[in-house]
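Here the structure is laid out as structure tokens; the discussion comes afterwards.
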Amino acid sequence: MSTLSPGLRPPPVRPAAVAVASEPRAARFRLSPADRDVLWLYLLTRISLWITAHFARWLFPAQSGVRETAPVLAPFQRWDANHYLHIARDGYFPAGAGPWTSGWDNREAFFPGYPFLLRAVHTVVPDWTAAGLLISSAAGAVAVLALARIARAYLPEEGAGHRTVVLFLLSPCAVFLAAGYTEALFLAFALPAWLAAMKHRWALAAVLTTLGTAVRVSGLFLAAAIGLLFLLSVRGGGGRRTWRSAGWTLLPALPPAAYSWYLHAHTGDWMAWKHAQERGWYRTFHTPWEAWANTWTGAFGGTQSTGYAFMFQAELAAMLVGLALVALLVRRRRWPEAVYVALSLWALGTSYWYTSVPRATLLWWPLWIGLAALSLRRPWFRTVYLCVAAPVTTLVALTFLTGRWAG
């Protein structure tokens, strides 16, 4: 008897040659009616978000009493989006500035994949914010297509892909999939990489994961999960042919290594990106219980304004969701997925306090597939989820679009 619940059933394991041979090349890129349905849903949610952004700049101006609204794209150019813009426009160390400069913005904390692509798109799209939104919009479309296909591989129920995408696009931090942030671009590489690994197409999975590691350090967590999936496939009878693909699993380490070399050449510090995170975002190492205690104080200790306190409460809630997800994945013996989420939690949960854990939930595709499975077996859950998620998602979107800290 299988140890997996119906909602977390993996697809049949097939040798790589058989998996590829059984799928015509043209079929891999053809959009099915289910794919088109997902893209239509994605478009509608983008329109909804744009409507929210339009009214936000009218109803919640940066200063009271103003008689002119902010530019149309201004609500999306917030926080980290500005860091990426500055890197794309000026480089990492403009005019010799760097960590040794007073008031330095610690931009080397951000990996170069997204800024490089932003600079390339800017050569065609003159407005920087529009270029970033175009990247996120296109990448998000790729991501939801891949997520739906992964969900259909895991869940036998009809409509599983559509249901998963609905829950994903209405998740509390969904606004970051549309803004000039890295989540959409990373998922556009990570989810197809996982789909390729499920089909034992290790070279493609490695190349896509390598592109992901150029965008976010989270790509290394994905590489670890795919590496474990590779080992499990060999153990399950992959044979000598599978072992020949082992070298591909090392490819994703190249972008972080190259970026560390670049930073060392300019700063003399191999871990300059990590030290920039420590200076700018309090990501110095603390034990998990210390990080929890400090975040709890920020959430309930009266040390922060109400807006920041609420976001710390969201950090705690997201951490609990992540821990529950890892426990469920371990229980169902979904070891690669458990490794991916657990590494993410370890990286986020060992700082001075939690930062960006809610946003990280967007990257945990097992969460959205698991919730979709639950809603398919318990129809009432979808109603409860939507009634709770809709107002929270709207509030987080408004918080971000009006220039307040969110996610």
Side-chain angles (χ1 to χ4, degrees), residues 10-11 28 38 42 110-114 116-117 135-154 161 164-165 167-169 171 173-174 176-179 181-230 248-256 259 322 325-326 329 334-348 356-370 372:
R28 301 172 195 162
V38 165
Y42 178 71
F110 300 92
F111 274 41
Y114 181 88
F116 281 4
L117 181 59
I135 292 171
S136 292
S137 297
V142 174
V144 295
L145 280 177
L147 178 61
R149 293 183 179 186
I150 293 172
R152 290 196 289 267
Y154 275 79
T164 302
V165 171
L167 301 182
F168 173 68
L169 290 177
S171 61
C173 288
F176 294 100
L177 296 171
Y181 275 55
T182 59
E183 277 74 15
L185 183 61
F186 175 77
L187 288 173
F189 296 135
L191 294 177
W194 188 256
L195 196 58
M198 289 169 60
K199 298 177 181 179
H200 294 180
R201 300 175 64 194
W202 304 115
L204 178 59
V207 170
L208 290 170
T209 304
T210 301
L211 293 172
T213 57
V215 175
R216 294 176 64 100
V217 72
S218 309
L220 293 177
F221 311 152
L222 175 65
I226 290 179
L228 179 55
L229 186 62
F230 173 82
W248 287 106
T249 61
L250 303 177
L251 188 65
L254 289 182
Y259 185 48
L325 177 61
V326 171
L329 291 171
R334 301 300 303 165
W335 306 117
E337 293 93 329
V339 164
Y340 173 73
V341 179
L343 288 174
S344 175
L345 289 177
W346 178 260
L348 295 169
S356 303
V357 183
R359 224 173 354 120
T361 62
L362 293 171
L363 312 183
W364 302 341
W365 72 87
L367 172 63
W368 309 112
I369 296 175

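Worth saying up front: this structure is predicted, and the values here are computed from it rather than measured.
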Got a donor-acceptor contact below 3.5 angstrom from the Ser136 side chain to the Ala179 backbone?
yes

For Arg216, the salt bridge (charged side-chain N to carboxylate O under 4.0 Å, His left out) test, sequence neighbours excluded, returns Glu183

All heavy atoms of Val341 vs all of Gly322, minimum pair found to be CG1-O, 4.2 Å

Checklist entry - Any sub-3.5 Å donor-acceptor pair from Tyr42's side-chain atoms to Val142's backbone N or O? => result no

Within-4.5 Å side-chain heavy-atom neighbours: Leu325 and Leu329 | yes

inquiry  = Measuring only between side-chain heavy atoms, which start at C-beta, is Ser344 closer than 4.5 Å to Leu363?
reply    = no

Checklist entry - Are any of the side-chain heavy atoms of Pro255 and Thr210 separated by less than 4.5 Å? => result yes

The residue among Trp202, Tyr340, Trp335 that forms side-chain contact (heavy atoms from CB on, under 4.5 Å) with Leu229 is Trp202

OG of Ser218 to CZ of Phe111, rounded to nearest 0.5 Å, is 9.0 Å

Minimal heavy-atom distance between Ala151 and Gly161, with the atoms involved, is CB-CA, 4.0 Å

Subject >> Intermediate values then yes/no, side chain to side chain contact (heavy atoms under 4.5 Å, CB included), Thr209 and Leu251 >> reply: CA-CA 8 Å; Thr209 304; Leu251 188 65; over 6 Å; no

OH of Tyr114 to OG1 of Thr182, rounded to nearest 0.5 Å, is 8.5 Å

dist Leu177:CG -> Phe168:CZ (nearest 0.5 Å) comes out at 4.5 Å

So CZ of Arg149 and CE of Met198: to nearest 0.5 Å the spacing works out to 12.0 Å

Nearest heavy-atom contact between Leu191 and Ile150 is O-CD1, 3.5 Å

When rounded to the nearest 0.5 Å, the distance separating CG of Leu117 from CD1 of Ile135 is 4.0 Å

| said: What I'd like to find out is whether the side chain of Trp365 reaches to under 4.5 Å of the side chain of Leu187, using heavy atoms alone. | reply: no

**Asked** Would a 4.5 Å heavy-atom cut-off, applied to side chains only, mark Leu345 and Phe221 as touching?
**Response** no

Note: Ala193 and Ala205 closest approach over all heavy atoms is O-CB, 3.5 Å

- Query: Backbone N or O of Pro252 within a donor-acceptor pair of the Thr213 side chain at under 3.5 Å?
  - Reply: yes

Fill in: Sub-4.5 Å side-chain heavy-atom contact between Pro336 and Trp194
yes

Donor-acceptor pair, Trp248 side chain versus Leu204 backbone, under 3.5 Å? no

Shortest non-hydrogen pair, Leu348 vs Ala360, comes out as CD1-CB, 3.5 Å

Margin query: Can you confirm whether Trp364 is buried at CH2, in the sense that more than 12 heavy atoms of other residues, nucleotides or ligands lie under 6.0 Å from that atom?
Written below: yes

| query | Do Trp368 and Ser171 come close enough that some side-chain heavy atom pair is under 4.5 Å? | reply | yes

Taking every heavy atom of Leu167 against every heavy atom of Ala372, the minimum-distance pair comes out as CD1-N, 3.5 Å

- Task: Say whether, by atom type as modelled, one donor and one acceptor occur between the side chain of Tyr259 and the main chain of Phe110 under 3.5 angstrom.
- Result: yes

